[in-house]
Participant: 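I'd like to ask some things about the structure below.
Just so it is clear, the values below take in all heavy atoms, side chains as well, and ignore hydrogens, waters and symmetry mates. Residue numbers start from 1 in every chain, and the chains themselves are labelled A, B, ... in the order their sequence lines are given, proteins ahead of strands.
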Number of protein chains: 2
Amino acid sequence: MTTRRDAVHDTLRRSEGFRSAQDVYAEMRQDGAKIGLTTVYRALQALADGGQVDVLRTDEGESVYRACATDAHHHHLVCRRCGHTVEVAGPAVERWAEAVGGEHGFTEVTHTVEVFGTCASCSSAVRAG
Amino acid sequence: MTTRRDAVHDTLRRSEGFRSAQDVYAEMRQDGAKIGLTTVYRALQALADGGQVDVLRTDEGESVYRACATDAHHHHLVCRRCGHTVEVAGPAVERWAEAVGGEHGFTEVTHTVEVFGTCASCSSAVRAG
DNA sequence: GCGACTTTGACAACCGTTTTCATTTTGTCG
DNA sequence: CGACAAAATGAAAACGGTTGTCAAAGTCGC
């Protein structure tokens, strides 16, 4: 039975940036969906496990999720003001991480890379207002 | 009065990798220090705010702290098995992050980069055992 | 010593997340 | 179409790291 999971996935796809489980839950309830918070958590975990959504932790320790366009390994450029997110590839970073790990004798090297900034429209909004 | 804070800082300096607040607390109590968990949390926050220690979040959402050798911007190569941590510089990554932000019109670009792996001694231990 | 201010820490509250478990839904075999 | 086993659901409780509360203890200037 994947209807709930699909509903969660759809809700996530409709969002521009990263959303917390509680965000998704609130939005679904807003839209009249009959779903429990537990199920949203479970669906998000399943989607994350299956690689259909990306997860990352906010500074406050909350898990946030995003339905990304590509399955391939990529990173995120996130607007810290509006949450607008761009998926970016970084072959240079991949190589760098591998190299750094190798230099120090580390194996099974993975990495987390996220870039934050203020997007064009947000910075012009700030300048204007 | 900074004695407690210094004690926390010292304990952290004695550790090789990143340690959680509760780790630090347990270790200090082990060593006979009379200190409360609340105070350890406050000290770590103060140290982090002052830039004297680095903070990052584990996958489980726990905050972990480390007294780093350098004040300068750097990243970490962390053994996911024993926590052994190497401070690494990555000028290429800094430039890449700036460039990626610029390309998409983002300003005030910051980034988080952490590299995880299994260190040499841990991977040989695994192979042996 | 005395009052004003700061720091401390036991404990309770918080909050996101996970677990529990009874109920509902789904899939499947007759 | 039943009927039953397995999976999914969700309300409520539990959990765990972290933060807030507040009274007691410490520190400083006098």
Participant: Starting at atom CG of Leu37(A), determine the distance to atom C1' of dT18(C), rounded to an integer number of angstrom.
Facilitator: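 Taking atom C1' of dT18(C) as the reference, CG of Leu37(A) is at 11 Å.
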Participant: Let me test you: for the helix from dG1(C)-dC30(D) to dG30(C)-dC1(D), what is the angle between the axes at its two ends (five pairs each), rounded to 10 degrees?
Facilitator: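 About 20° separates the two local helix axes.
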Participant: Starting at CG of Leu44(B) and ending at P of dT8(C), how long is that distance when rounded to a whole Å?
Facilitator: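 My rounded result for the distance is 13 Å.
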Participant: Mind running side chain to side chain contact (heavy atoms under 4.5 Å, CB included) on Glu16(B) and Cys82(B) for me, showing each step along the way?
Facilitator: CA-CA 9 Å; Glu16(B) 181 50 47; Cys82(B) 69; over 6 Å; no
Participant: Checking contacts here: which listed nucleotide (dT18(D), dG16(C), dG9(C)) is nearest the side-chain heavy atoms of Tyr41(A)?
Facilitator: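 The answer is dG16(C), which lies nearest to the side chain.
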Participant: Between dC11(C), dT20(C), dT9(D), which nucleotide gets closest to the side-chain atoms of Arg4(A)?
Facilitator: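 Given the options dC11(C), dT20(C), dT9(D), the side chain of Arg4(A) is closest to dT9(D).
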Participant: Is there a continuous path of hydrophobic side-chain contacts, each under 4.5 Å between heavy atoms, that joins Val113(A) to Val100(B)?
Facilitator: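 Linked, Val113(A) and Val100(B) end up in one cluster.
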Participant: Pick base, sugar-phosphate or nothing for Ser63(A), based on heavy-atom distances below 4.0 Å to the nucleic acid.
Facilitator: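 If one applies the 4.0 Å heavy-atom cut-off, Ser63(A) turns out to touch the sugar-phosphate alone, with no base involved.
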Participant: Could you check whether the rings of His111(A) and His75(A) sit parallel, tilted or perpendicular, using 30° and 60° as the cut-offs?
Facilitator: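 The arrangement is tilted - the two ring planes meet at 30° to 60°.
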Participant: Under a 3.5 Å threshold, yes or no: a donor from one side chain and an acceptor from the other, between His9(B) and Gln52(B)?
Facilitator: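 No, no side-chain donor-acceptor pair sits under 3.5 Å.
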Participant: Roughly, in whole Å, what's the span from CZ in Arg19(A) to P in dG16(C)?
Facilitator: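 In whole Å, dG16(C) P and Arg19(A) CZ are 15 Å from each other.
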Participant: Using atom NZ of Lys34(B) as one end and atom P of dT8(C) as the other, report the distance to the nearest whole Å.
Facilitator: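 So the NZ-P distance, Lys34(B) to dT8(C), works out to 12 Å.
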Participant: Going by distance alone, is a donor N or O of one side chain under 3.5 Å from an acceptor N or O of the other, for Arg19(A) and Thr11(A)?
Facilitator: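 Thr11(A) and Arg19(A) do not have a side-chain donor-acceptor pair below 3.5 Å.
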Participant: Starting at atom CD of Gln22(B), determine the distance to atom C1' of dT18(D), rounded to an integer number of angstrom.
Facilitator: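 Gln22(B) atom CD is separated from dT18(D) atom C1' by 8 Å.
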Participant: Between Ile35(A) and Met28(A), what is the shortest heavy-atom contact and its length?
Facilitator: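 Minimum heavy-atom contact is CD1-CE, 3.9 Å.
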Participant: Is the phosphate of dT9(D), meaning OP1 or OP2, less than 4.0 Å from a side-chain N or O of Thr38(A)?
Facilitator: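 Checking Thr38(A) against dT9(D): no side-chain N or O falls below 4.0 Å of OP1 or OP2.
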Participant: Specify the separation, in whole Å, of atom CD of Gln45(B) and atom C1' of dT18(D).
Facilitator: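 My rounded result for the distance is 8 Å.
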Participant: Regarding Glu60(A), tell me which of base, sugar-phosphate or nothing describes its non-hydrogen contacts under 4.0 Å with the strands shown.
Facilitator: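 The answer is nothing, as Glu60(A) stays clear of every strand by at least 4.0 Å.
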Participant: 5'-most contact on DNA chain D: Arg42(B) or Glu62(B), nearest heavy atom basis?
Facilitator: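 Residue closer to the 5' terminus by nearest nucleotide: Glu62(B).
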Participant: Taking CZ from Arg5(B) and C1' from dG9(C), how many angstroms apart are they, rounded to a whole number?
Facilitator: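 After rounding, the reported distance stands at 17 Å.
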Participant: Counting only heavy atoms not in Asp49(A), do more than 12 fall under 6.0 Å of its CG?
Facilitator: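 More than 12 within 6.0 Å, yes.
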